[in-house]
Amino acid sequence: MPELPEVEVVRRGLVTHVVGRRITRVDVGRERTVRRTSRQAVIDGLTGHTLTGAGRRGKYLICPLDSGDAVMIHLRMSGQLRLAPAGSARPAHTHVAMSLSGGEELRFVDPRTFGEVVVFDPARADLEVPELARLGPDPLEDGLTAAGLQAVMAGRARPVKALLLDQHAVAGLGNIYSDEVLHAARLRFDRPAGSLQPRQVADLHHAIVEILNAAIEAGGSTLADAQYVGLSGQPGRYQHQHQVYGREGAPCPRCGPRSSVTRARYGGRSTFFCPRCQR
DNA sequence: CGATCTACCTGATGGC
DNA sequence: TGCCATCAGGTAGATC
């Protein structure tokens, strides 16, 4: 599932392959993908225009257009952006297809249709994409510091994992990376956030930055369901470095055979941790 | 404020 | 072979 590293890999792909190329034609299949506005608004907002950049905040892609508008793309659970030769067979669940000058097509493919494509006026962002303003700091884009993380955690009774997953607290972590980060920082998912010692917050901050950067370097994580691949269809490689996520029953990489990775249910989702070294 | 639940949606997988 | 239940999880919103 796309979290910050996967979205960042896609963003970089857009910078390399899409920014600066004119969108000559737009097809919108399923209306649900453009539900925020309308089919026509997305077609009109993109056709004949060019992405002048590609930005990211948390898991949101935000690309300015030469019209003065911007396009926001959120992959949610199963969305993919794929670049392919024009005229090649479109994958199932291709909901938006943008023909680019130069003969390729940028496709938004999303089996579960949770994802979104929105063209909006940045001057009206508060009205049209209000969630962007509510995002917490992006650990990489906004230079989140240990002190900044401390401010997020301080005095909170909520489990530390709940805060890591809360995009209003910190933007970009999802279920996979929050489990990995907590393992690296030796913290249990259900530790009250406010109970962390300054040293532990510093460790957590360090783990967040290190793991997100390492995952980006590795091209993101592609799980068995292959829900995430990059712009050119390339899978990520960071799943091979996962220490706990999806590894129930395996020996803890830090404790060895003395402890095995345990799966718990937290907030309706799977949580993987080592009961020995995470406290 | 927060905990918990639900909705949204499809595909893969496991049990029988 | 099919059928049904379950799981995957990002985010918003309702409810207590």
Side-chain angles (χ1 to χ4, degrees), chain A residues 1-8 10-11 29-36 56-62 72-81 90-96 107-118 126-136 138-139 151-182 189-195 212 215 220-229 235-236 238-239 242 244-249 263-273:
Chain A
M1 312 296 155
E3 302 180 25
L4 186 154
E6 291 75 33
V7 177
E8 175 62 17
V10 171
R11 187 196 70 78
R30 196 134 160 187
E31 191 120 34
R32 184 171 147 76
T33 298
V34 297
R35 60 193 173 279
R36 181 89 57 121
R56 181 188 59 70
R57 287 265 303 166
K59 303 169 194 169
Y60 293 80
L61 284 167
I62 302 140
M72 183 276 269
I73 300 173
H74 198 304
L75 304 175
R76 282 299 226 285
M77 308 289 299
S78 62
Q80 297 179 356
L81 279 176
R90 290 176 180 165
H93 310 293
T94 298
H95 304 314
V96 180
R107 298 163 174 165
F108 182 82
V109 181
D110 185 13
R112 298 176 69 180
T113 71
F114 289 178
E116 274 197 84
V117 177
V118 184
D126 285 354
L127 292 172
E128 298 177 7
V129 283
E131 65 266 49
L132 294 181
R134 295 196 290 259
L135 287 177
D138 181 296
V152 167
M153 301 284 163
R156 304 298 207 95
R158 300 172 70 189
V160 59
K161 177 162 175 170
L163 278 176
L164 293 180
L165 287 174
D166 184 344
Q167 304 300 299
H168 308 119
V170 181
L173 295 170
N175 203 39
I176 295 172
Y177 293 103
S178 37
D179 280 5
E180 290 298 312
V181 154
L182 287 168
F189 65 96
D190 53 1
R191 267 286 293 275
S195 76
L212 292 179
S221 297
T222 297
L223 304 181
D225 60 10
Q227 293 270 36
Y228 167 73
V229 294
Y238 192 72
Q239 65 278 9
H242 289 177
V244 289
Y245 184 84
R247 300 180 52 80
E248 182 182 17
R263 177 191 195 126
R265 207 73 192 159
Y266 171 69
R269 62 225 316 199
S270 290
T271 291
F272 300 91
F273 70 105

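In what follows, chains are A, B, ... by sequence order, proteins preceding strands, each numbered from 1. Because the structure is a prediction, the values reported are computed rather than measured.
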- Query: Is it true that A:E8 and A:R11 make a salt bridge, defined as a side-chain N closer than 4.0 Å to a carboxylate O?
  - Reply: yes
- Atom-pair distance (NZ on A:K59; C1' on C:dT11), nearest Å: 9 Å
- Please measure how far the P atom in B:dC5 lies from the corresponding atom in C:dT6, and state the result in whole Å. 16 Å
- Taking atom C1' of C:dG10 as reference, at what distance in whole Å does atom CG of A:L61 sit? 14 Å
- Message: Expressed as a whole number of angstroms, how long is the span from A:L223:CG to C:dC7:P?
- Response: 17 Å
- Go through the side-chain N and O atoms of A:Y228 and A:S78 and say whether any donor and acceptor fall under 3.5 Å apart. no
- Message: Below 4.0 angstrom, which residues in residues 162-176 of chain A have at least one non-hydrogen atom near DNA chain C?
- Response: A:Q167, A:H168, A:G174, A:N175
- Note on the structure: Heavy-atom nearest nucleotide on DNA chain C taken for A:E131 and for A:S78; more 5' hit belongs to A:S78
- OP1 or OP2 of C:dA8 under 4.0 Å from side-chain N/O of A:S270: yes
- Taking the P atom of each, how far is B:dC9 from C:dG13, in whole Å? 16 Å
- Message: For the aromatic rings, using the six-membered ring if either is Trp, is the centroid distance between A:F108 and A:H95 under 6.0 Å?
- Response: no
- Item | Residues forming a ring-ring contact (aromatic ring centres under 6.0 Å, His included) with A:Y266, sequence neighbours excluded | A:F189
- Short question: side chain of A:E3, backbone of A:N175 - any donor-acceptor pair under 3.5 Å? yes
- Query: Taking CZ from A:R57 and C1' from C:dG10, how many angstroms apart are they, rounded to a whole number?
  - Reply: 17 Å
- Message: For chain A and DNA chain B, what are the first and last nucleotides along the strand, 5' to 3', with at least one atom under 4.0 angstrom from a heavy atom of the protein chain?
- Response: B:dG2 to B:dG11
- Verify, without hydrogens or angle tests, whether A:K59 (side chain) and A:L173 (backbone) share a donor-acceptor contact under 3.5 angstrom. yes
- Would you say a side-chain N or O of A:H74 is under 4.0 Å from OP1 or OP2 of C:dG10? no
- Query: Is a side-chain donor-acceptor pair under 3.5 Å present for A:Y238 with A:E180?
  - Reply: no
- Starting at atom CZ of A:R35, determine the distance to atom P of C:dA12, rounded to an integer number of angstrom. 11 Å
- Task: Go through the structure and list residues passing side-chain hydrogen bond (donor to acceptor under 3.5 Å, both in side chains) with A:R156, not counting sequence neighbours.
- Result: none
- Item | Pairs satisfying salt bridge (Lys or Arg N to Asp or Glu O under 4.0 Å), at least one member in residues 159-171 of chain A, at least two apart | A:R158-A:D166, A:K161-A:D179
- Task: Using Watson-Crick or G-U wobble pairs with both distances under 3.5 Å, give me DNA chain C in dot-bracket, 5' to 3', with [ ] for crossers and | for pairs to another strand.
- Result: .|||||||.|||||||
- Quick check: does any side chain N or O of A:E6 sit under 3.5 Å from a backbone N or O of A:S221, one acting as donor and the other as acceptor? yes
- Task: Check the distance between C:dA8's C1' and A:Y177's OH and give it to me in whole angstrom.
- Result: 16 Å
- Item | Value in whole Å for how far the P atom of C:dT11 lies from CG of A:L4 | 11 Å
- Separation of atom CZ in A:R76 from atom P in C:dA12, rounded to whole Å: 6 Å
- Got A:H242 and A:I176 here, is their nearest side-chain heavy-atom distance under 4.5 Å? yes
- Task: Indicate whether the side chain of A:R32 and that of A:T113 have a donor and an acceptor atom separated by less than 3.5 Å.
- Result: yes
- Would you please confirm or rule out a distance under 4.0 Å between OP1 or OP2 of C:dC7 and any side-chain N or O of A:R265? no
